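Fair warning: this is a prediction, and the values are worked out from it, not measured in the lab. Position 1 is the first residue of the sequence, and the numbers go up from there.
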Amino acid sequence: MAVIRPFKCIRPAKDKASDVAALPYDVYSRKEACEEVKDKPLSFLNIDRAETQFGDDVDTYDDRVYAKAKELYESAKENGTFEQEEKVCYFIYELTMDGRTQTGLVACAAIDDYINNVIKKHENTRADKEVDRIRHVDTIGAQTGPIFLAYRANKRISEVIEKVKDGEAFYEFTADDGIKHKAWRIDEDEDISVLQKEFDGIDSIYIADGHHRAASAVKVGLKRRQEHPEYNGTEEFNYFLSVLFPDEELMIMPYNRVVKDLNGLSREEYIKELEKHFEVEKKGETQYAPETKGRIGMYLDGEWYSLKAMDDIMSDDPVEGLDVSMLQSYILSPVLGIDDPRTDERIDFIGGIRGLKELERRCSSDMKVAFAMYSTSIHELFNVSDAGLLMPPKSTWFEPKLRSGLFIHEIE
């Protein structure tokens, strides 16, 4: 059963929250991060990506970068930018984008639940991508970017959250990108007890986004266990910062693909190959985004197409039945020669938030053909995770993104 516990949160002072809150560290290149922190001394990105404090001659993973992150974090606590709660509590974190709201519970999840697969994964992690966050968390002694977790909606949990939301928000601001952020504190003992008890009865929690952050947090926790062989399991390093959302409130956007060439095929030869497994319908210059499962939008040579999968390639398998798997199995690999999308430089991935115009733009610059996907559903994600399987890379794009720096969990 899931251990989801409250904690003594480190958080920005109320009047500084909007200036501190930052998008996740991994949405920026180094150059973009440097531009983002200009004239924003309170932005948490200064701490999350401390290489922004150095010239290009200092490597992103230099020891000095992590030492600077620690220095900036400690300074922010000393000068009053950050404060610590006096008692353990939960927070409610609400995000509103384009009129749609999702509400999560800020809490700490147990690394043992991750290890024992109570917290389920749907994608592999790469050790090289974990190293940076392992060093960052270990050096500053805190988890700063929450893991985006999902659970099947629970009536009693929702009742507690809605009751607390009837009160005045602790934080309320709208970020530069138009996303509205609100937060409430849950510090009543009875409410805390109800939430802990309800999560105790939930046997599966799912990582929606943040697999590498989760893996890194767990590895730091295991490292601390080795350093403290007398640990009893209650220490903060046994838990990691999370925001948990009920499945009914989540929306997954498509993760689209663009490919550099037609693998030596002419346009006519390529279309003929597609027609072996898809009904190909030309849409002309009218943008086409699939509205049902089993359809793919394609943009080629200035025209849009609808690709409807034939019945014989549709599958009930949790992974093979995903539209992104169908694209990989019947177009990308056999026709376009992209066998490993993780490493092939001929393919790129475009988050659905950037829209179809971005696919058209890429095809008029450095790419040849684009694929607009139908969104993977949250229940497809649950099914893959429950089966102990893995999704193809770049299967899901969650919006809005959780901000870093609003809620911090120290592990010392």
Applied to residues 102-128, the ring-ring contact (aromatic ring centres under 6.0 Å, His included) test, sequence neighbours excluded, yields His122-His211
message: So that I can tick it off, tell me whether Lys180 and Glu172 are bridged by a salt bridge, with the cut-off set at under 4.0 angstrom between side-chain N and carboxylate O.
response: yes
Residues 102-119 vs salt bridge (charged side-chain N to carboxylate O under 4.0 Å, His left out), sequence neighbours excluded, gives Asp112-Arg225
For residues 244-256, please give each side-chain donor-acceptor pair under 3.5 Å, one per line with the distance, not counting sequence neighbours.
unit_1, atom_1, unit_2, atom_2, d
Asp247, OD1, Ala153, N, 3.0
Glu249, OE1, Thr103, N, 2.6
Asn256, OD1, Met373, N, 2.8

For Ser29, the side chain to side chain contact (heavy atoms under 4.5 Å, CB included) test, sequence neighbours excluded, returns Lys31, Glu32
Taken in chain and number order and not counting sequence neighbours, the residues that satisfy salt bridge (Lys or Arg N to Asp or Glu O under 4.0 Å) with Asp62 are Arg64
Original post:
Can you list the steps and then say if Phe91 with Phe170 is a ring pair (Phe, Tyr, Trp, His ring centres under 6.0 Å)?
Top reply: CA-CA 9 Å; Phe91 273 87; Phe170 189 86; 5.7 Å; yes
Residue pairs passing the salt bridge (charged side-chain N to carboxylate O under 4.0 Å, His left out) test with at least one member in residues 307-324, sequence neighbours excluded, are Lys293-Asp323
| said: Can you confirm whether Glu291 is buried at CD, in the sense that more than 12 heavy atoms of other residues, nucleotides or ligands lie under 6.0 Å from that atom? | reply: no
So the salt bridge (charged side-chain N to carboxylate O under 4.0 Å, His left out) pairs with at least one residue in residues 138-150 (sequence neighbours excluded) are Asp138-Lys223, Asp138-Arg224
Sorted by chain and residue number, the side chain to side chain donor-acceptor pair (under 3.5 Å) partners of Ser193 (sequence neighbours excluded) come out as none
- Query: Should the pair Arg11 and Phe82 be classed as cation-pi, given the thresholds of under 6.0 Å to the six-membered ring centre and 45° from the axis?
  - Reply: no
Side-chain atoms of residues 389-398: list all donor-acceptor pairs with protein atoms under 3.5 Å, sequence neighbours left out, distances to 0.1 Å.
unit_1, atom_1, unit_2, atom_2, d
Ser395, OG, Pro392, O, 2.6
Trp397, NE1, Glu399, OE2, 2.9

Here the ring-ring contact (aromatic ring centres under 6.0 Å, His included) pairs for residues 333-365, sequence neighbours left out, are none
(message) Whether the side chain of Ser43 engages the backbone of Lys40 through a donor-acceptor N/O pair (distance < 3.5 Å, no angle test) should be reported.
(response) no
Residues at least two apart in sequence or cross-chain that pass ring pair (Phe, Tyr, Trp, His ring centres under 6.0 Å) with Tyr299, listed by chain then number, are Trp304
Salt bridge (Lys or Arg N to Asp or Glu O under 4.0 Å) filter on Arg30, not counting sequence neighbours, yields none
Counting the benzene-type ring for Trp, do Tyr151 and Phe199 have ring centres under 6.0 Å apart?
yes
